[in-house]
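Notes to accompany the following structure.
Note on naming: letters A, B, ... go to the chains in the order of the sequence lines (proteins, then strands), and numbering restarts at 1 for each one.
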Protein chains: 2
Amino acid sequence: MSLPHAILTALLEKPSSGLELTRRFDRSIGYFWSATHQQIYRELGKLEAGGLIRALPAEQPARGQKKAYEVLPAGRAELARWTAAAQDPKPLRDTMLLRLRAAAVVGTEGLRADLGRHLRLHEEQLAEYEEIERRDFPPEKDGAEDRLRHLVLRAGIDLETFWTRWLRHALTELPDLPGPSGPGRG
Amino acid sequence: MSLPHAILTALLEKPSSGLELTRRFDRSIGYFWSATHQQIYRELGKLEAGGLIRALPAEQPARGQKKAYEVLPAGRAELARWTAAAQDPKPLRDTMLLRLRAAAVVGTEGLRADLGRHLRLHEEQLAEYEEIERRDFPPEKDGAEDRLRHLVLRAGIDLETFWTRWLRHALTELPDLPGPSGPGRG
DNA sequence: CGCCTCATGTAAGTAGTTACATGATTCA
DNA sequence: TGAATCATGTAACTACTTACATGAGGCG
């Protein structure tokens, strides 16, 4: 039940249409809660039906027309309630770790290439986050204003830093261990 | 499509019944790919129907009877194929980061307590991982055998270390910033 | 027998993904 | 006018979650 609250947050930051939301999810909020446009349109419909947001009455709401939404007081209250409510952290779920564990049984053949590819992808993501930090949070003007947003960005930077380090380490460990179906046998 | 492969890995490590798998998911594989017993039983049925595993013909397979499964050659081949195939990393999806971003808009009221609770939970998980490392991977007998499994455990340890550090940092940043609905206003 | 636990399941609902449909606008 | 793109949506499917059902065996 996080997508509606992600949308409420985005709409409070700036009233938007479905497509604008989709683009903003690609850029900023989607860095830690991604969503496709199909999810967003469906959820906008539910939020409107539930009285948490409303369409800004600009033009006729025909198909193919831009339709912008804003958050109603009930929506802001719901977001505040959800933000403060206790929620258990989700257990880790990571396919690459699972594949490594599987490779311990069926062999590491082919896995090395994808580890290298993941390393490159995480390096790119890290570079993107660091660029955002340089642009939006330069050391001289670290006002209290955006401290929370900076905190969230730091989590992204530190997580990508972890992955790049861990993947590099994994690549040094891997070649010595071809495993049962590796070149040592086949 | 990871659950069937998680189950194949677990069954290759040791043939098991549904309940035994459920328990092992709670302990070890579930640390990075959790699953409930409902998911596991359903998936066991599919894997058996697909000819990737088979029930060990011990007793009559009546309801309420233990039923153990083992992996067939086709299952091992499928797991090897999946492990080696390229897969894109899933984008980060974290509710706490979303809540912090929301708190920047609707205020941090109530969030602080749950940050502290999450810190405790992550500290506990970290302690559990470190205990496993002491028990299963002592420095003196670091044979090449279990290096991959150790690598996976290190990822868990480093990730929990990251979260505890980040949450402590977040707690130092939070009280200065009650936000629009915090004590500064209400 | 009645109750508890073990063990295996079924059913219904929610969330997310993938593929496709349709109207409006722009531009050659 | 036809093609490309913008913008909003529908439909079908897969994965996961939550709640409940059922049989077997042990115990007082």
If you check the [X] side chain, which of [options] turns out closest?
X: A:R93; options: D:dT8, C:dT17, D:dC16; result: D:dC16
X: A:M1; options: C:dT10, C:dA15, D:dT17; result: C:dA15
X: B:K46; options: D:dA7, D:dC16, D:dA15; result: D:dA15
X: B:H37; options: C:dG9, D:dG9, D:dT17; result: C:dG9
X: A:Q38; options: D:dG9, C:dG9, D:dA7; result: D:dG9

Between the base of D:dT14 and the side chain of B:R42, is there any donor-acceptor pair under 3.5 Å?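 A donor-acceptor contact between them is absent.
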Scan B:S17 against the nucleic acid and name what it touches under 4.0 Å (heavy atoms): base, sugar-phosphate only, or nothing.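 Sugar-phosphate: the residue B:S17, judged by heavy atoms under 4.0 Å, touches backbone atoms but no base.
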Give the rounded distance in Å between these two atoms: [atom1] of [X] and [atom2] of [N].
X: A:E20; N: D:dA7; atom1: CD; atom2: C1'; value: 11 Å
X: B:D88; N: C:dT17; atom1: CG; atom2: P; value: 13 Å
X: A:D26; N: D:dC6; atom1: CG; atom2: P; value: 13 Å
X: A:E43; N: D:dT10; atom1: CD; atom2: P; value: 14 Å
X: A:L3; N: C:dT17; atom1: CG; atom2: C1'; value: 13 Å
X: A:L47; N: D:dT8; atom1: CG; atom2: C1'; value: 16 Å
X: A:Y69; N: D:dA7; atom1: OH; atom2: C1'; value: 12 Å
X: A:K67; N: C:dT25; atom1: NZ; atom2: C1'; value: 18 Å

Does a salt bridge link [X] with [Y], judged by any charged N lying under 4.0 Å from a carboxylate O?
X: B:R154; Y: A:E173; result: no
X: B:R23; Y: B:D26; result: no
X: A:R120; Y: A:E123; result: no

With no hydrogens and no angle check, do the side chains of A:S2 and B:R93 hold a donor and an acceptor under 3.5 Å apart?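 Per modelled atom types, A:S2 and B:R93 side chains form no pair under 3.5 Å.
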If you compare every side-chain N and O of B:Y41 against the phosphate oxygens of C:dT8 (OP1, OP2), does one of them come in below 4.0 Å?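 Looking at the OP1 and OP2 atoms of C:dT8, one of them is under 4.0 Å from a side-chain N or O of B:Y41.
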Criterion side-chain contact (heavy atoms from CB on, under 4.5 Å) against B:W33, the qualifying member of A:L92, A:L97, A:T95: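 Exactly one option meets the side-chain contact (heavy atoms from CB on, under 4.5 Å) with B:W33, and it is A:T95.
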